[in-house]
Amino acid sequence: MENKTNTQIPNPLTQYYSGGYEVQQQPAPGIQADMHPKPDCGEESYRGCCKLTGRKALVTGGDSGIGRAAAIAYAREGADVAINYLPAEQRDAEEVKKYIEEAGRKAVLIPGDISDENFCKQLVEEAHEQLGGLDIIALVAGKQVAVKNFEDIPTEQLLKTFEVNVFSLFWILQPALKYLPAGASIITTTSIQAYRPSETLLDYAATKGAIMAFSRALAKQLAKKGIRVNAVAPGPIWTALQVSGGQPPEKLKEFGSTTPLQRAGQPAELAGVYVFLASPESSYVTAEVYGVTGGNHTF
């Protein structure tokens, strides 16, 4: 019998970049525009279909990587978007602003460090005021620094990693709750590291386990208000984190190649999950963790 399979269906092994990566290092937090190859955040490929028309979204880490992919997708689905990032990442943030505005939506840039509690409160107030509301909060920003030996993890790094990855969730969401209506969606970003931690990422992995527990507990508390909370758990995704201390340099060449799909993921491959969890299509989904891991399953 003739095989009538549609030959235009993309093969996930080769749909996105599947080669090796150059050994490259940047000072933290890293600039996506200077990476080789540059991560694919859906700039050319993501097509919206009005799933978030009229919505108001705040995305942390929205200048690059997964946050950038989510911000672009939200705009193309009809949402106005505020992005947060560090001042050193302004060049990447300006590119995202361009993509949001090209989609016909309002872009709000709010640089600042979410390891600072006072700034987190200001971030919420400014996003709400400039967007004219707030009903999607995607918390994507993270700090990841690989350290070979446990005893060499400095206290300064430990504190900063927990401040950025965990404490900021409290500092942003507590003041935001007064603005979030029924139907709002909160999306956090945990990691495969919460389930299958790497030996060089002890502090980072610990924060990702905390994020998962935080998200499930908060989801149960907010469900009665009609606010859903879910988490996304990426696997090895090619972002600026990896080239600014997140991976030992010698591991970059084969980054992601040991997954069942034999390659690292691209940020664009998570955009649809962030859209789904923000949209009414996921109305019966809360307290869940969605893995996007290339086959290294999270359970």
Side-chain angles (χ1 to χ4, degrees), residues 28-33 39 41-43 52 54-143 160-161 163-181 184-189 211 232 239-241 244 267 270-271 274-275 278:
I31 300 298
Q32 177 168 304
C41 297
E43 293 94 340
L52 301 174
R55 301 288 296 275
K56 312 292 184 180
L58 168 62
V59 182
T60 66
D63 61 296
S64 65
I66 297 168
R68 179 187 181 113
I72 292 170
Y74 286 165
R76 292 180 182 173
E77 294 292 354
D80 294 330
V81 185
I83 65 169
N84 161 253
Y85 52 94
L86 290 168
E89 300 166 312
Q90 187 69 31
R91 179 154 52 111
D92 283 340
E94 293 291 345
E95 291 182 353
V96 179
K97 181 176 186 288
K98 179 192 71 171
Y99 288 117
I100 294 171
E101 291 178 342
E102 286 177 350
R105 309 311 307 174
K106 183 174 184 178
V108 178
L109 303 187
I110 311 177
D113 187 348
I114 60 171
S115 70
D116 181 279
E117 180 178 4
N118 288 329
F119 170 73
C120 288
K121 295 175 181 177
Q122 295 168 16
L123 170 63
V124 171
E125 297 302 322
E126 186 170 349
H128 178 265
E129 180 179 354
Q130 293 204 40
L131 291 175
L134 198 59
D135 52 58
I136 299 169
I137 300 182
L139 300 167
V140 188
K143 181 175 178 61
K160 183 67 77 169
T161 301
E163 286 170 348
V164 172
N165 296 1
V166 180
F167 296 171
S168 69
L169 306 187
F170 291 83
W171 295 337
I172 290 172
L173 293 176
Q174 285 176 334
L177 283 181
K178 64 180 177 288
Y179 296 128
L180 297 180
S185 181
I186 296 168
I187 304 153
T188 65
T189 307
I211 291 169
V232 180
T239 71
L241 273 181
S244 58
L270 291 99
Y274 281 87
V275 168

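Only this structure's heavy atoms are used, side chains among them; waters, hydrogens and symmetry mates stay out. Note that the numbering runs from 1 along the sequence shown for the chain.
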- Of all heavy-atom pairs linking A141 and T60, the shortest is N-OG1, 3.1 Å
- Task: May I ask you to decide if S115's main-chain N or O and S168's side chain share a donor-acceptor pair within less than 3.5 Å?
- Result: no
- Message: Just verifying a value: how many Å separate L86 CG and N84 CG, rounded to the nearest 0.5 Å?
- Response: 7.5 Å
- Task: Could you tell me whether a side-chain N or O of D92 sits under 3.5 Å from a main-chain N or O of A33, the two making a donor and an acceptor?
- Result: yes
- Salt-bridge criterion met for E117 and K121 (N-O under 4.0 Å): yes
- Item | From CG (D135) to CZ (R55), nearest 0.5 Å | 4.0 Å
- Task: Find out whether K178 and P175 are in side-chain contact, i.e. whether some heavy atom of one side chain is under 4.5 Å from a heavy atom of the other.
- Result: yes
- Closest non-hydrogen atoms of V124 and A176, given as atom of the first, atom of the second and distance, are CG1-CA, 3.7 Å
- Compare every heavy atom of E43 with every heavy atom of R76, then report the nearest pair and how far apart it is. NH2-O, 2.8 Å
- Query: Got a second to check how far R91's CZ is from Y85's OH, nearest 0.5 Å?
  - Reply: 13.5 Å
- Message: Would the distance check show the side chain of K56 and the main-chain N or O of L131 forming a donor-acceptor pair, the cut-off being under 3.5 Å?
- Response: yes
- Item | Contact check, side chains of D113 and K160, non-hydrogen atoms, under 4.5 Å | yes
- Let me see the working for I114 and L139 under side-chain contact (heavy atoms from CB on, under 4.5 Å), right down to the final yes or no. CA-CA 11 Å; I114 60 171; L139 300 167; over 6 Å; no
- First locate atom CD1 of I83, then atom NZ of K97, and finally report the distance between them rounded to the nearest 0.5 Å. 10.0 Å
- Quick one: pull up CD in E125 and CD in Q122 and give me the separation to the nearest 0.5 Å. 9.5 Å
Pairs of donor and acceptor atoms involving the side chains of residues 103-110, under 3.5 Å and at least two apart or interchain, shall be tabulated with distances.
from : atom 1 : to   : atom 2 : distance (Å)
R105 : NE     : G78  : O      : 3.2
R105 : NE     : D80  : OD1    : 3.2
R105 : NH2    : G78  : O      : 3.4
R105 : NH2    : D80  : OD1    : 3.3
K106 : NZ     : Q130 : O      : 2.4

- Message: Tell me if a side-chain donor or acceptor on R68 pairs with a main-chain N or O of D63 at a distance below 3.5 Å.
- Response: yes
- Donor-acceptor contact present, side-chain Y74 to main-chain Y274, <3.5 Å: yes
- Minimal non-hydrogen separation, L123 against I172, with atom names: CD2-CD1, 4.1 Å
- Query: Can you name the closest pair of heavy atoms from P267 and T239 and give their distance?
  - Reply: CG-CG2, 4.1 Å
- Message: Pair I137, L180 - check side-chain contact (heavy atoms from CB on, under 4.5 Å), show working.
- Response: CA-CA 9 Å; I137 300 182; L180 297 180; 4.1 Å; yes
- P29 versus S244, closest heavy-atom pair with distance: O-OG, 3.4 Å
- For Y179 and E129, does a side-chain donor sit closer than 3.5 Å to a side-chain acceptor? no
